[in-house]
Amino acid sequence: MSGGAVASLPEGLLDGGVWFRVEEPGTASAVRRAAERLAAELVMPEHRIADLSIVAAETAGNLTKHASQGTVLVRPVRAADQAGVELIAVDSGPGMADLRRSMGDGHSTAGTLGIGFGAILRQASWSDLHSVPGKGTVMTVQVWPGDVPERGWAAGVTRPLTGESVSGDAWAAREAGGRRQVLVSDGLGHGGLAAAASHEAVRVFHKTPAVPPAQVLEALHRALGHTRGAALAVAELDPEAGVVRYAGLGNISGTVLSADGGRRGMVSMPGIVGHQRRQIREYDYPLTPGAIVLMHTDGVVDRWNAGDYPGLLSHSPEVIAATVLRDAGTRRDDAGVLVAQALS
């Protein structure tokens, strides 16, 4: 396979990624082809594209053989000096009662010539998986061309409204001037114009100087006047001070989930970033060791209880965010979830 650019990439594949419903073998083949095309566009070496092909085929194949309502997100992941491909596989059951046995060669292949999860783990650069019997499984797998980058402290997942090819929701994370900050954006409406507003918010977020969240939000409000506008929230995690600083305008939900099961909601003010602003206020909330900050758009309902998912909060931000999106996201709107961990 050529390492150069490949035409006819699905819309969104080089940006936030593309979701596939994986319920038939033909769809599993589409996942593999999309992953290969994305890897070629990112100029990954041929031997790593071949490894990725195995990972994608086995990941999607397992969903068709074993899972209910399986979906796979194929998207790029980027570090300072390289780009790779990430697959996030999600299903609604039956879940795995014995993870160690399920990971063994041959167990997940159901009589095929594949070698199941064993092949995924060997070819992938990094992976994480959480499964609850009766609820289902979420797995994230990354294939990088070189050494695995240092694990990130924040990650998010977005999904467009059914029938749309792009999502109006977006997320971003940055470390600047000693500050760890995250952004969640919900562009007004849905489709291309909503996505454009959120893309502009992400761009400006990364360019804004390292100032407190309320000042970042003020800069975003000034910059988004030419767009449709968005609901936005910015959070800053300061584990050394034991605090998260939060500022939001519009219907973005923010919650601090502590390791002992505690839950603390964070306050966003009414408004539309870029168009309507009564006031911007910043609030401080306690951030204990091992806590996570969970933020989501209004395409995700708040009736999600971490206690129903034993051990989940110790997993990667990608797996936590995808689990929340699976069980609390609505198909009647764009949906986006971000998870940031209070790592020292």
Side-chain angles (χ1 to χ4, degrees), residues 153-154 156 158 168-174 179-188 197-198 201-202 204-205 208 210-224 229-288 290-307 313 317 320-321 324-325 328-330 333-342:
W153 52 275
T158 62
D169 294 351
W171 64 276
R174 71 172 186 170
R179 298 178 183 271
R180 287 184 174 179
Q181 296 181 336
V182 291
L183 164 78
V184 171
S185 174
D186 181 353
L188 262 63
S198 285
V202 169
V204 174
F205 174 74
T208 300
V211 293
Q215 295 179 45
V216 175
L217 193 58
E218 182 68 52
L220 289 162
H221 180 70
R222 293 195 300 268
L224 264 63
L232 290 176
V234 177
E236 178 177 299
L237 282 73
D238 189 343
E240 292 187 3
V243 66
V244 54
R245 305 175 184 97
Y246 185 87
L249 278 180
N251 198 11
I252 301 294
S253 295
T255 306
V256 181
L257 299 173
S258 61
D260 62 5
R263 181 185 180 105
R264 178 75 176 268
M266 300 187 288
V267 176
S268 289
M269 305 302 293
I272 301 172
V273 175
H275 295 281
Q276 298 177 10
R277 178 181 68 84
R278 296 180 186 175
Q279 58 182 324
I280 293 176
R281 297 188 61 181
E282 182 175 309
Y283 298 92
D284 292 355
Y285 301 93
L287 187 69
T288 56
I292 71 166
V293 172
L294 173 69
M295 298 164 62
H296 63 78
T297 66
D298 63 359
V300 177
V301 299
D302 284 321
R303 298 189 304 271
W304 184 83
N305 183 5
L313 298 189
I320 300 171
V324 175
L325 184 67
T330 173
D333 196 0
D334 297 329
V337 181
L338 175 138
V339 172
Q341 295 175 321

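Keep in mind the model is a prediction, meaning the values are calculated, not measured.
Panel note: side chain Ser185, backbone Leu232; no donor-acceptor pair is recorded below 3.5 Å. With Gln341 contributing its side chain and Val293 its backbone, the two residues share no donor-acceptor pair below 3.5 Å. Between the His221 side chain and the Gly274 main chain, a donor and an acceptor come within less than 3.5 Å of each other. Distance alone, capped at 3.5 Å, is enough to place a donor-acceptor pair between the Glu282 side chain and the Ala214 backbone. The main-chain N or O of Asn251 is never found under 3.5 Å from a side-chain atom of Ser268 such that the two would form a donor-acceptor pair.
Taking CG of Leu338 as the reference point, atom CG of Leu325 lies at 12.0 Å (rounded to 0.5 Å). In this structure, the separation between CG on Leu188 and NE2 on His275 is 7.5 Å, given to the nearest 0.5 Å. Separating the OG atom in Ser253 from the CG atom in Asp302 is a distance of 4.5 Å, to the nearest 0.5 Å. From Arg264, atom CZ reaches atom OG of Ser258 across 11.0 Å, with rounding to the nearest 0.5 Å. With rounding to the nearest 0.5 Å, the separation of OG1 in Thr208 from CD in Gln181 is 9.0 Å.
Side-chain contact between Gln279 and Met269: present, with at least one pair of heavy atoms (C-beta onward) separated by less than 4.5 Å. Contact annotation: the side chain of Leu294 approaches that of Val337 to within less than 4.5 Å [non-hydrogen atoms, C-beta and beyond]. Residues Val234 and Leu220 form a side-chain contact, since some pair of their non-hydrogen atoms from C-beta on lies under 4.5 Å apart. The side-chain heavy atoms of Trp171 and Leu183, taken from C-beta on, include no pair separated by under 4.5 Å. A 4.5 Å side-chain heavy-atom check between His296 and Val184 finds every atom pair outside the cut-off. Using a 4.5 Å heavy-atom cutoff, the side chains of Leu249 and Ile272 are not in contact. Side-chain contact between Met295 and Tyr246: present, with at least one pair of heavy atoms (C-beta onward) separated by less than 4.5 Å.
Residue Gly290 comes nearest to Ala259 through the heavy atom pair O-CB, 4.1 Å, listed as atom of the first residue, atom of the second, then distance. Scanning all heavy atoms of the two residues, the minimum distance from Gly265 to Tyr285 falls at O-CE2, 3.6 Å. Closest of all the heavy-atom pairs between Ala197 and Leu224 is O-CD2, 3.9 Å. In terms of heavy atoms, Ala230 sits closest to Gly187 at CB-CA, 3.9 Å. Ala328 and Trp304 make their closest contact through CB-CB, 4.2 Å (heavy atoms, listed as atom of the first residue, atom of the second, distance). Between Ala219 and Val204 the shortest heavy-atom distance is O-CG1, 4.4 Å.
When the options Val256, Ile252, Thr255 are evaluated for a side-chain contact (heavy atoms from CB on, under 4.5 Å) with Met266, the one that passes is Val256.
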Val300 vs Thr330, test: side-chain contact (heavy atoms from CB on, under 4.5 Å). Steps then yes/no. CA-CA 6 Å; Val300 177; Thr330 173; over 6 Å; no
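Side-chain atoms of Asp169 and Thr297 include a donor-acceptor pair closer than 3.5 Å.
Using a 4.0 Å cut-off between a side-chain N of Lys or Arg and a carboxylate O of Asp or Glu, Asp238 and Arg245 qualify as a salt bridge.
Both tests pass for Arg174 against the ring of Phe205: distance under 6.0 Å to the centre and angle within 45° of the axis.
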